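Throughout, a chain's letter reflects where its sequence line sits, starting with A, and its residues are numbered from 1. Every value quoted in this text rests on a predicted model; they were computed, and no experiment measured them.
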Amino acid sequence: MNAQKRHEIFTRLQAENPHPTTELNWNTPFELLAAVLLSAQATDVGVNKATARLYPVANTPQAIIDLGIDELKAHIKTIGLYNTKAENLMKTCHMLVDLHGGEVPGTRQALEALPGVGRKTANVILNTAFGQPTMAVDTHIFRVSNRTGIAKGKDVVEVEQKLLRHVPKAFLHDAHHWLILHGRYTCIARKPRCGSCIIEDLCDYKDKTELA
DNA sequence: ATCCCGAGGG
DNA sequence: CCCTCTGGAT
């Protein structure tokens, strides 16, 4: 795919949704980190309900440590995978206190060393809390990038690097959200809605008849 | 490749 | 009822 096509694609996605944002609620880097950690395989709406209960009680690493694992689990029990997430968040809080003065570190290496924080979560933190130009490639972005031809790659790292290289600068910050929204509502995994897709004429996906 | 695992929607 | 939701660790 050429640069002009990419530019046109993001121009249309931007027109469709001028100001895309995370729907996760947070006020501090730590609140963002905890929310993103909790958001794996969960909806933002669901995470917000849990953090609305948790943060008034505890919104710092030390406060969550003081809360204790059982109380933490009780507060986030409405989210899927809550058991693992509570254990990971608790270990992460201990590491933040013991190794980083209670603050959220701003490097990929330090972030990915935290339990429950992988490449995708680290990219979100680096981008949203530290303003770094990263691309958090999730299942939606991976699928949409490969199907459309915006950035083809065999794994998320390859897609991530191609997106960083090829998405026009002006669109880079919001591209993340546009691709996710497009993947969720139009370029659906099982059955893409090519008929109602606004970039259908610019898309590489040629196998539409089989899955449509 | 498999486990974790609740809420909301079709 | 079945499926998915901005994954990560083993």
Side-chain angles (χ1 to χ4, degrees), chain A residues 13 17 19-26 31-54 69-70 72-96 104 108-130 132-148 150-151 153-160 163-164 167 171-193 196 211:
Chain A
L13 292 176
N17 201 328
H19 301 291
T21 52
T22 332
E23 287 164 13
L24 248 30
N25 296 137
W26 59 280
E31 287 189 1
L32 175 65
L33 173 62
V36 177
L37 191 154
L38 295 175
S39 74
Q41 299 298 98
T43 61
D44 288 347
V45 176
V47 173
N48 287 337
K49 283 182 184 171
T51 55
R53 287 191 297 268
L54 177 64
I69 189 66
D70 292 338
L72 177 57
K73 286 183 181 178
H75 279 85
I76 68 169
K77 193 147 194 161
T78 53
I79 311 177
L81 317 184
Y82 74 92
N83 226 321
T84 311
K85 289 173 182 176
E87 305 280 358
N88 282 337
L89 179 55
M90 185 59 79
K91 287 179 194 163
T92 284
C93 287
H94 280 286
M95 287 182 66
L96 293 179
V104 176
R108 174 182 304 286
Q109 189 183 21
L111 286 168
E112 289 188 12
L114 301 169
V117 179
R119 186 176 187 89
K120 182 254 165 185
T121 300
N123 277 329
V124 173
I125 307 300
L126 289 172
N127 184 297
T128 308
F130 294 97
Q132 293 186 30
T134 63
M135 275 291 309
V137 178
D138 63 12
T139 54
H140 289 305
I141 297 184
F142 184 76
R143 181 180 69 255
V144 174
S145 298
N146 271 299
R147 268 188 189 160
T148 57
I150 292 171
K154 61 182 185 309
D155 55 47
V156 292
V157 177
E158 192 176 347
V159 170
E160 178 184 321
L163 285 172
L164 286 174
V167 175
F171 299 117
L172 198 53
H173 184 265
D174 289 328
H176 174 72
H177 297 295
W178 288 323
L179 293 173
I180 285 170
L181 291 171
H182 192 66
R184 183 187 303 164
Y185 298 112
T186 304
C187 197
I188 300 165
R190 293 282 185 81
K191 191 177 173 185
R193 296 175 178 164
S196 58
L211 291 162

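Near DNA chain C, defined here as any heavy-atom distance below 4.0 Å, the residues from residues 108-125 of chain A are A:L114, A:P115, A:G116, A:V117, A:G118, A:K120, A:T121, listed numerically. Listed by residue number, the members of residues 175-185 of chain A with any heavy atom below 4.0 angstrom from DNA chain C are A:H176, A:H177, A:I180, A:R184. Contact check of residues 134-141 of chain A against DNA chain B (heavy atom, cut-off under 4.0 Å) returns no residues at all. Proximity of residues 80-96 of chain A to DNA chain C (heavy atom under 4.0 angstrom from any strand atom) is restricted to A:L81.
With rounding to the nearest 0.5 angstrom, the CD atom of A:Q132 is 4.5 Å from the CG atom of A:L126. Once rounded to the nearest 0.5 Å, the distance linking CZ of A:R184 with OG1 of A:T43 reads 8.5 Å. To the nearest 0.5 Å, the span separating CG on A:N123 from CG on A:D138 amounts to 11.0 Å. Taken from CG in A:L37 to CG in A:L114, the straight-line distance is 8.5 Å, to the nearest 0.5 Å. Going from atom CG of A:L32 over to atom CG of A:N25 covers 11.0 Å, rounded to the nearest 0.5 Å.
A salt bridge (Lys or Arg N to Asp or Glu O under 4.0 Å) check over residues 119-129 of chain A, counting only residues at least two apart or in different chains, returns the pairs A:R119-A:E160. Judged as a side chain to side chain donor-acceptor pair (under 3.5 Å), the pairs with a partner in residues 77-96 of chain A (not counting sequence neighbours) are, in order, A:R53-A:T78, A:K73-A:N83, A:K73-A:E87, A:K77-A:Y82.
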Pair A:W26-A:T128, side-chain contact (heavy atoms from CB on, under 4.5 Å): steps then yes or no: CA-CA 11 Å; A:W26 59 280; A:T128 308; 3.4 Å; yes
Worked check of side-chain contact (heavy atoms from CB on, under 4.5 Å) between A:L111 and A:V104: CA-CA 8 Å; A:L111 286 168; A:V104 176; 4.0 Å; yes
Working for side-chain contact (heavy atoms from CB on, under 4.5 Å), residues A:T134 and A:R108: CA-CA 10 Å; A:T134 63; A:R108 174 182 304 286; 4.3 Å; yes
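The span of DNA chain C lying next to chain A, judged by atoms under 4.0 Å from heavy atoms, is bounded 5' to 3' by C:dT4 to C:dA9. Boundaries of the chain A contact region on DNA chain B are B:dC4 to B:dG8, first to last in 5' to 3' order (nucleotide atom under 4.0 Å from a heavy atom).
Nucleotides C:dT6 and B:dC3, compared at atom P, are 24 Å apart to the nearest Å. Taking the P atom of each, B:dC5 and C:dT10 are spaced 15 Å apart, rounded to whole Å.
Closest of all the heavy-atom pairs between A:P115 and A:M95 is CD-SD, 3.5 Å. Closest of all the heavy-atom pairs between A:V144 and A:G183 is CG2-CA, 3.5 Å.
Residues that satisfy the side chain to side chain contact (heavy atoms under 4.5 Å, CB included) test with A:V156, not counting sequence neighbours, are A:V137, A:F142. Shown here are the side chain to side chain contact (heavy atoms under 4.5 Å, CB included) partners of A:A110, two or more places apart in sequence or in another chain: A:H100, A:P105, A:T107. For A:E158, the side chain to side chain contact (heavy atoms under 4.5 Å, CB included) partners two or more places apart in sequence, or in a different chain, are A:K154, A:D155, A:K162.
Within a 6.0 Å sphere centred on CZ of A:F130, other residues, nucleotides and ligands contribute more than 12 heavy atoms.
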Solution key, residues 174-182 of chain A side-chain donor-acceptor pairs under 3.5 Å, sequence neighbours excluded:
| residue | atom | partner | partner atom | Å |
| --- | --- | --- | --- | --- |
| A:H176 | ND1 | A:A136 | O | 3.2 |
| A:W178 | NE1 | A:N17 | O | 2.8 |

